[in-house]
Visitor: 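Below: one structure in structure tokens.
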Amino acid sequence: MAEAFVEKPDLSPPIASVGVVEWLRANLFSTPFNALLTLVCLYLIYLSAPPAIEWLFVHADWRGETRDDCAGDGACWVFVKARFGQFMYGFYPEAQRWRVDAAFLIFIAGLAALMTPRVPGKRWVALFLLFVFPFVAYTLFYGGILGFEVVETALWGGLMLTLIIATIGIVASLPLGVVLALGRRSQMPIVRALCVAFIELWRGVPLITVLFMASVMLPLFLPEGVSFDKLLRAFIGVTLFQSAYMAEVIRGGLQAIPQGQYEAAKALGLNYWKLMALVVLPQALKLVIPGIVNTFIALFKDTTLVLIIGLFDLLGIVQAALTDPNWLGFAVEGYIFAGFGYWIFCFGMSRYSQYIERKLETGHARR
Amino acid sequence: MGIDSEHVIIQMVDVNKWFGQFHVLKDINLTVHKGERIVVCGPSGSGKSTMIRCINRLEEHQKGKIVVDGVELTDDLKQIDTIRREVGMVFQHFNLFPHLTVLENCTLALSWVRKQPRAEAHKIAMKYLERVKIPEQADKYPGQLSGGQQQRVAIARSLCMSPKVMLFDEPTSALDPEMIKEVLDVMVELAREGMTMLCVTHEMGFAKTVANRVIFMDEGQIVEENEPEEFFNNPRNERTQLFLSQVLHH
Ligand SMILES: Nc1ncnc2c1ncn2[C@@H]1O[C@H](COP(=O)(O)OP(=O)(O)OP(=O)(O)O)[C@@H](O)[C@H]1O
Ligand SMILES: [Mg+2]
């Protein structure tokens with residue numbers, strides 16, 4: 001005789017399978033070897049964390065103006081505090097620094113509007129950032145128009161310089177990389193050959209060489225009297241160099257798009273550029289977001305190499321400060337601060353890219 | 001829904017094509033009139049896909065002449081674009097754009113090729129989505145639909161461009177049996193409304209119901225061409241007979 005069907009109620013899971021204890025057991029002590037690893041790691045943390053925390057925070061000196069205020073045996077953050085303005089702005093005249101702040105505030109506001117979902121008028125913000133903001137920034141940073149005093153690029157430095165080079169590099173190398181990647185996959189042999197040659201040339205030399213050439217060799221080839229701004233040369237060097245890497249990352253994405261996508265788009269009457277812009281690139285770029293961000297992060301950190309041509313980015317200016325006779329012996333603090341500065345931005349980019357990836361997930365199974 | 005025998009939509013004259021050394025299409029001659037519904041069948045590798053893909057230049061023929069609605073297919077990109085706008089195509093694997101919603105898949109070409117304003121494009125897309133009976137899926141992504149639903153969206157996407165001819169390349173052969181019918185129903189209805197169709201398929205039931213003509217291809221040639229009644233009951237060529245005995249007893 002069949003039993004009558006009875007609907008079973010939803011019960012909560014047994015305590016042991018969700019609690020902290022269960023988590024510990026499953027993840028940290030699941031096997032004897034795992035347990036051993038856990039204990040060794042805990043011991044290492046026990047050995048290293050307390051002294052580090054003591055040096056960084058507990059015994060550190062925070063207050064004061066001069067090195068005499070650093071009497072304790074912890075870190076001397078007074079050094080960073082005293083030099084903070086320089087670390088941020090380089091040798092940019094103090095009276096004019098508000099201009100830098102203003103430019104960055106406008107930029108950050110625009111960026112925030114772009115990055116937050118559900119802000120209306122994104123298209124206008126993007127157009128503003130791409131086409132109007134560069135002129136605004138130029139006016140504010142460099143001056144020379146609208147009554148703004150000229151501040152030579154040789155005075156720019158610190159985090160400001162790092163951000164400017166990285167932003168320009170990022171904004172310029174992405175579209176250039178797209179064009180190079182499309183060119184490398186083009187049916188036209190000459191276009192393809194040019195793109196391959198360009199990419200392989202720039203990928204084949206170290207960035208240091210590129211910067212060095214740009215700063216030392218280029219003037220030799222130019223007619224006398226013609227001179228390029230040193231910073232402009234760095235921009236061009238960094239952008240061309242990174243666009244070659246970007247091109248290869250994007251090409252990887254292009255190759256992953258099935259032929260059927262091209263065929264469907266062609267059959268609908270889309271021409272080459274519309275096919276690429278509306279169907280292929282959106283999918284290809286989404287696929288390679290991790291690679292693109294990886295390149296951005298590498299670019300951000302590679303900006304330190306402008307040191308070679310006598311520009312003082314964040315790391316450069318920190319290093320310069322270390323040689324100040326008044327502040328000898330605080331190298332560790334300086335480098336920790338510089339490292340932390342780079343880390344904040346790189347980590348931010350990484351997290352944002354993960355967010356974007358999740359947001360763009362449309363749950364499609366690729367065929 | 002009658003056939004307009006004055007109005008030739010597709011004309012293929014002595015079309016030849018090679019893939020490297022391999023001669024895929026040999027002297028193909030085919031005339032399609034407005035309102036005709038032609039089913040193309042034949043063994044795998046016989047060149048059926050290649051033939052219909054030549055009509056909208058997804059493949060390039062090397063010899064012969066193809067004229068679509070009075071426009072000859074040459075290397076001229078303008079003419080290719082003109083023809084592609086008039087010819088819709090449905091693929092075996094749907095080829096929907098996975099990064100766009102169902103509605104956006106349908107409006108994409110309307111907005112960018114036909115330059116329709118947004119609201120108008122939206123209206124047209126919804127009309128055809130209703131026609132293939134899935135207006136309620138408009139805001140989903142293709143990856144969230146079943147195969148049969150995806151293929152119906154693909155049909156709607158093509159129809160949005162109001163093509164003069166529809167090409168189908170085995171539209172049901174990637175589908176599970178229970179989904180084949182929903183796609184065939186849409187195609188039968190389309191045929192009833194008088195759409196000119198050129199359809200590669202092994203669905204012989206479909207051929208019997210809607211086709212005016214059935215074409216049998218083998219080794220790059222059109223071996224036999226007849227009305228469905230005659231084609232199925234009295235196949236003349238022995239290769240056709242062999243093929244039909246295999247397909248029909250399947
Ligand atoms: N791009 C290509 N390069 C080289 N050979 C090809 C190419 N595309 C198709 N072929 C060959 O051309 C022949 C005809 O292919 P086609 O796809 O037209 O056959 P079909 O009749 O559609 O077969 P099926 O029923 O399997 O789809 C096949 O032998 C195939 O291997
Ligand atoms: Mg085929």
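Protein chains get the first letters and strands the later ones, always in sequence-line order, with residue 1 at the start of each. No hydrogens, no waters, no symmetry mates; every other heavy atom, side chains included, goes into these values.
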Visitor: Counting heavy-atom pairs closer than 4.5 Å to chain A, which one of B/Gln92, B/Met161, B/Arg157, B/Lys140 comes out on top?
Guide: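 Max contact count across the listed options: B/Arg157.
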Visitor: Sort by residue number and list every member of residues 262-272 of chain A having a non-hydrogen atom under 4.5 Å from chain B.
Guide: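 Only A/Glu263, A/Ala264, A/Ala265, A/Lys266, A/Ala267, A/Leu268, A/Gly269, A/Leu270, A/Asn271 of residues 262-272 of chain A have a heavy atom under 4.5 Å from chain B.
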Visitor: Is the count of non-hydrogen atoms from other residues, nucleotides or ligands lying under 6.0 Å from A/Lys122 atom NZ greater than 12?
Guide: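 Atom NZ in A/Lys122 is crowded, with more than 12 foreign heavy atoms closer than 6.0 Å.
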Visitor: Answer yes or no: are there more than 12 heavy-atom neighbours, outside B/Glu178 itself, under 6.0 Å from its atom CD?
Guide: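 It does: B/Glu178 CD has more than 12 such atoms within range.
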Visitor: Count the heavy atoms belonging to other residues, nucleotides or ligands that lie under 6.0 Å from NZ of A/Lys301, then report whether that count exceeds 12.
Guide: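 Open.
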Visitor: Atom NZ of residue position B/Lys181 - does it have more than 12 heavy atoms of other residues, nucleotides or ligands inside 6.0 Å?
Guide: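 No - once you tally the heavy atoms of other residues, nucleotides and ligands closer than 6.0 Å, there are 12 at most.
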Visitor: Please identify, among B/Val87, B/Leu145, B/Val90, B/Leu108, the residue contributing the most non-hydrogen atom pairs under 4.5 Å to chain A.
Guide: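 Of the options given, most contacts go to B/Leu108.
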Visitor: Suppose a student defines contact as a heavy atom less than 4.5 Å from any heavy atom of chain A. Which residues in residues 70-82 of chain B would they list?
Guide: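 So far as heavy atoms go, B/Asp81 are the residues that approach chain A to under 4.5 Å.
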Visitor: Would you say CZ of A/Arg351 has more than 12 non-hydrogen atoms from neighbouring residues, nucleotides or ligands within 6.0 angstrom?
Guide: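 Atom CZ in A/Arg351 is not crowded, with 12 or fewer foreign heavy atoms closer than 6.0 Å.
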Visitor: How many angstroms lie between atom CG of B/Asn95 and atom CD of A/Gln259, to the nearest 0.5 angstrom?
Guide: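 Going from the CG atom of B/Asn95 to the CD atom of A/Gln259 covers 9.5 Å.
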Visitor: Given heavy-atom pairs under 4.5 angstrom as the criterion, report whether the side chain, backbone, both or neither of B/Phe91 touches chain A.
Guide: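 Side chain only.
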Visitor: Among residues 112-128 of chain B, which residues come closer than 4.5 Å to chain A, judged by heavy atom distances?
Guide: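 Against chain A, the residues of residues 112-128 of chain B that fall inside the cut-off (heavy atoms, under 4.5 Å) are B/Trp112, B/Val113, B/Lys115.
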Visitor: Heavy-atom cut-off 4.5 Å, strictly under: side chain, backbone, both or neither for B/Arg53 against chain A?
Guide: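 Just its side chain gets close to chain A.
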Visitor: Mark yes or no for whether B/His99, through its side chain, and A/Leu278, through its backbone, hold a donor-acceptor pair below 3.5 Å.
Guide: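 Pair found, side chain donor or acceptor close to backbone of A/Leu278.
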Visitor: Return the set of residues passing ring-ring contact (aromatic ring centres under 6.0 Å, His included) with A/Phe107 (not counting sequence neighbours), or none when no residue passes.
Guide: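 Checked A/Phe107 against ring-ring contact (aromatic ring centres under 6.0 Å, His included); matches are A/Phe133.
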